Number of protein chains: 2
Amino acid sequence: MDVDTPVASGTRYMREVNTAAVLTELRRCTGTSVTELARATGLSRQAVTRSISGLEEGGLVELLAPQRPGRRTGRPPQVVRFRAEAGHVLGLALTPEELRVVAADLGGTVVAEETAPLTGTDGAHLARTLTATVTATLDSAGLTPDQVWHACLGAPGIVDRHTQQIRFTASMPHIAGDLLLRTLGSCLPCPVHLDNDVKLATEGERRRAGHDRHEGPMVLVQWGERVGAGIVVFDRLYRGASNDAGDLGFLDLCVEDPGTGQADADAQGLGAFEAWVGTTRLTSLVRETAERRGDHTLARSLQEGDRGMDTAAEALHRGDPAATEALEEITRRFAKGLGAVRALLDPEVVVIGGPMARCGEHLLTALNAHLQQQRLDPPRLELAALEEDAIVRGALHHALAEVERGALALPPTARLFS
Amino acid sequence: MDVDTPVASGTRYMREVNTAAVLTELRRCTGTSVTELARATGLSRQAVTRSISGLEEGGLVELLAPQRPGRRTGRPPQVVRFRAEAGHVLGLALTPEELRVVAADLGGTVVAEETAPLTGTDGAHLARTLTATVTATLDSAGLTPDQVWHACLGAPGIVDRHTQQIRFTASMPHIAGDLLLRTLGSCLPCPVHLDNDVKLATEGERRRAGHDRHEGPMVLVQWGERVGAGIVVFDRLYRGASNDAGDLGFLDLCVEDPGTGQADADAQGLGAFEAWVGTTRLTSLVRETAERRGDHTLARSLQEGDRGMDTAAEALHRGDPAATEALEEITRRFAKGLGAVRALLDPEVVVIGGPMARCGEHLLTALNAHLQQQRLDPPRLELAALEEDAIVRGALHHALAEVERGALALPPTARLFS
DNA sequence: CACAATTAGTTCCGTACAGTACATAACTAA
DNA sequence: TTAGTTATGTACTGTACGGAACTAATTGTG
């Protein structure tokens, strides 16, 4: 992907660049006047007007009747509005339990949303559900397939960056290959992009309110039975050489407590770190601590894995001493992992997501206390806000970014419509 | 650093874009004809000619008399040459032992080089040496200070990105603050940039032959008494939120061997990992092993720290069993650190530099063997090629990049001095 | 109700840049 | 000497921008 230097072959190039600038500014604050846009972009009023007329012909922009002026004197400005409804994108999230489809306009406003429960591992059935849910979403938003400009689907497993084939999925073996791509391709005439769910969740979480204008490097840790992380640097999702960056679960720093059952972990394909701090380990810890303290009720009520998390989190929230003690231990361990993240990546903020985030502020407090003990200044910690929606939001975001890059002329690739 | 969208306010913008394109192409292969440039850039011949005349006025380019043609027919082309000598940059590297100053032209060709030995921690003396060495370098190249367009100095310690103040330097306490900046500012009328030595060494190593067109993520580990790393992702040096990314030395995963003398390490400002795998530790290991094996000659000949490294490396190269055994142990430890790098960053290649690199291929072989034991596919390992020159090359490189970005006022997408 | 004041948008013109087409220059080989 | 080939130079056209001047719409005031 080498970027060859841009060339201005013809004055038309200027129009493209300027149209892009105007559109970017217009999207930043829609509903401004021509004069205001001129001031903001640094262009002359005429240049802005010319760009606006081009955009108007393309349907991306419309001029509204002069509004009631807030000013006391002068001719009221003609208000220019970005027509977010000019195009739409689809974001999809696939998990073993359900399929989620969200349609949004070019402004990112969600206009329709459908969820279908999933069971079994029948590829053909999944394909039918996918087609039906996409169609239902479009119908519910009153859209035809050709009004969708881009679609992006997040699925578990490793997605090949180039061929878009799904290479490996432990939890959903039937989606390997190009099943999803083919199915979506047959019901949508627009480009379709497949990506890893954790990666998209990172994008989604990053763009939530508050992080929207965030510039610094960020790490989003998905902390559940497994532990993985998405890394955002230079305002982009970093994937690593083999699309495996942020594989926190395979950190090897837990040499204490060697009786963790490395063999078990290996059998399940778990890494050393996730076996040591994952939710399975937390529930075990809570159970052991509770037994030791004689609280057999709590010990018995704990199921395995992520489901047991809810029970543990509940116990924690009501101040149960066994749960608190277990959290203390698990956060001590996790803080060592965060120490490695800090040392190598030095992120500005670490966002904790996944089932473990249900422990809430307790988690942050305990982690912060442990991080204070370390010799490097720790990053800021935050809790993830989106939970289930993260993947679908990230998918929407990716789709919108693709539209921006391709259809809406953005600076380097300055082109207006195809 | 928010990049506001470029705007073409005035047709001059096109000229700038096209001039940048021409200059980029010209730098890629200097000594081509106008027609060839037109073909390469996609511009018309006239556009190229116009850009060339502008560059010629600025002195950045010159037209050579028609050469003896290689072709058999046709009018010989007018050859255009990039005048690398039109401007110069200075790269400086400061270590506790010496100061190195290199002057290069805009093509990156070194035109003068001076080295001054350093001792003690007297700020005023250092300042005098700095001024004298810079002056000597300029004299030896026949340059006046105003012919230098940019200077960049690499020094140990944390450099504040914005104020350019050196905040902390264990090995050179007297350079804290703005001493270096003030001194350089008073003898050079051009912009001066200060940066961390490891970061600059990374840039230097990255641009060496072979890596020049390298696209993938890369980590350069400086392995000496201290251990630090530079990280290159998205083809850029990654610094982290507090300019401290890649601080491998402070990794905390060496819970075995707790008698390492953490107190000592703390006193010297060393991190846990570097105390565990640094060259000081290696020489101790070699000494202990040699003693145990009864080789008192080798044990006695080992000095402390980086100087002892030479003796150790020598012993290793002649196949000394004690040195080999010590290397085996130290690489086992280091491989754990590389495991963390792999898990979090997933680099395509890890380059090993610093004094430890003197162990040569032995080092790579031992490390690779240990990495094979880990559960994630290891990155490729390479030895650094530049050694001492890395910092100064990186500094030169940074200076050239700054010239490209600032002095020539070119669009950020254009890369002239890659 | 006319008219100044104010702010917004539009028209016209000059300048600058790139591309196309054609003319000219330089050189080789027959 | 002449034809062929390649590179350069010049004239002309189309498009885009900015500035000045002009028109439009609204409010307040005598």
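Naming convention: chains lettered A, B, ... in sequence-line order (proteins, then strands); numbering from 1 in each chain. Everything numeric here is computed off the predicted structure, so don't read it as measured data.
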Nearest-angstrom distance from the residue atom CD of B/E16 to P of C/dA18: 11 Å
Donor-acceptor side-chain pairing of A/T144 and A/Q147 below 3.5 angstrom: yes
Set of residues satisfying ring pair (Phe, Tyr, Trp, His ring centres under 6.0 Å) with respect to B/H398, sequence neighbours excluded: B/H193
Residues that B/E56 engages under side chain to side chain donor-acceptor pair (under 3.5 Å), provided they are two or more places apart: none
For A/R15 against A/S51, the heavy-atom pair lying closest together: CD-OG, 3.8 Å
Contacting residues from residues 36-43 of chain B, given that a heavy atom lies under 4.0 angstrom of DNA chain D: none
Validation row: A/Y238, B/P217 side chains within 4.5 angstrom (heavy atoms): yes
Atom pairs under 3.5 Å, N or O on each side, protein against nucleotides 12-15 of chain D: can you list them with distances?
{"from": "D/dT15", "atom 1": "O2", "to": "A/T11", "atom 2": "OG1", "distance (Å)": "3.3"}

Whole angstrom value for the distance that separates P of C/dT15 from CD of A/Q46: 17 Å
Lys/Arg N to Asp/Glu carboxylate O, B/R83 vs B/D105, below 4.0 Å: no
Contact under 4.0 Å: B/N18 side-chain N or O vs C/dC17 OP1/OP2: no
Nearest heavy atoms of B/G230 and B/T202, plus distance in Å: CA-OG1, 3.0 Å
Nearest-angstrom distance from the residue atom OH of B/Y13 to C1' of D/dG18: 17 Å
A/E36-A/S33 side chain donor-acceptor pair, cut-off 3.5 Å: no
Contact nearer the 5' end of DNA chain D, comparing B/S33 with A/A47: B/S33
Closest-nucleotide 5' rank along DNA chain D - winner of B/T35 and A/S51: B/T35
Could you list the protein-to-nucleotides 2-6 of chain C atom pairs, N/O on both sides, closer than 3.5 Å?
{"from": "C/dT6", "atom 1": "O2", "to": "A/G74", "atom 2": "N", "distance (Å)": "3.4"}

Donor-acceptor pair under 3.5 Å, A/R45 side chain vs D/dG18 base: no
Euclidean distance, atom CE of residue B/M14 to atom P of C/dC17 [Å, nearest integer]: 9 Å
Within 6.0 Å of CZ in B/R12, more than 12 heavy atoms from elsewhere: no
A/E25: salt bridge (charged side-chain N to carboxylate O under 4.0 Å, His left out) partners, not counting sequence neighbours: A/R28
Nearest heavy-atom neighbours spanning B/V80 and B/I52: CG1-CD1, 3.5 Å
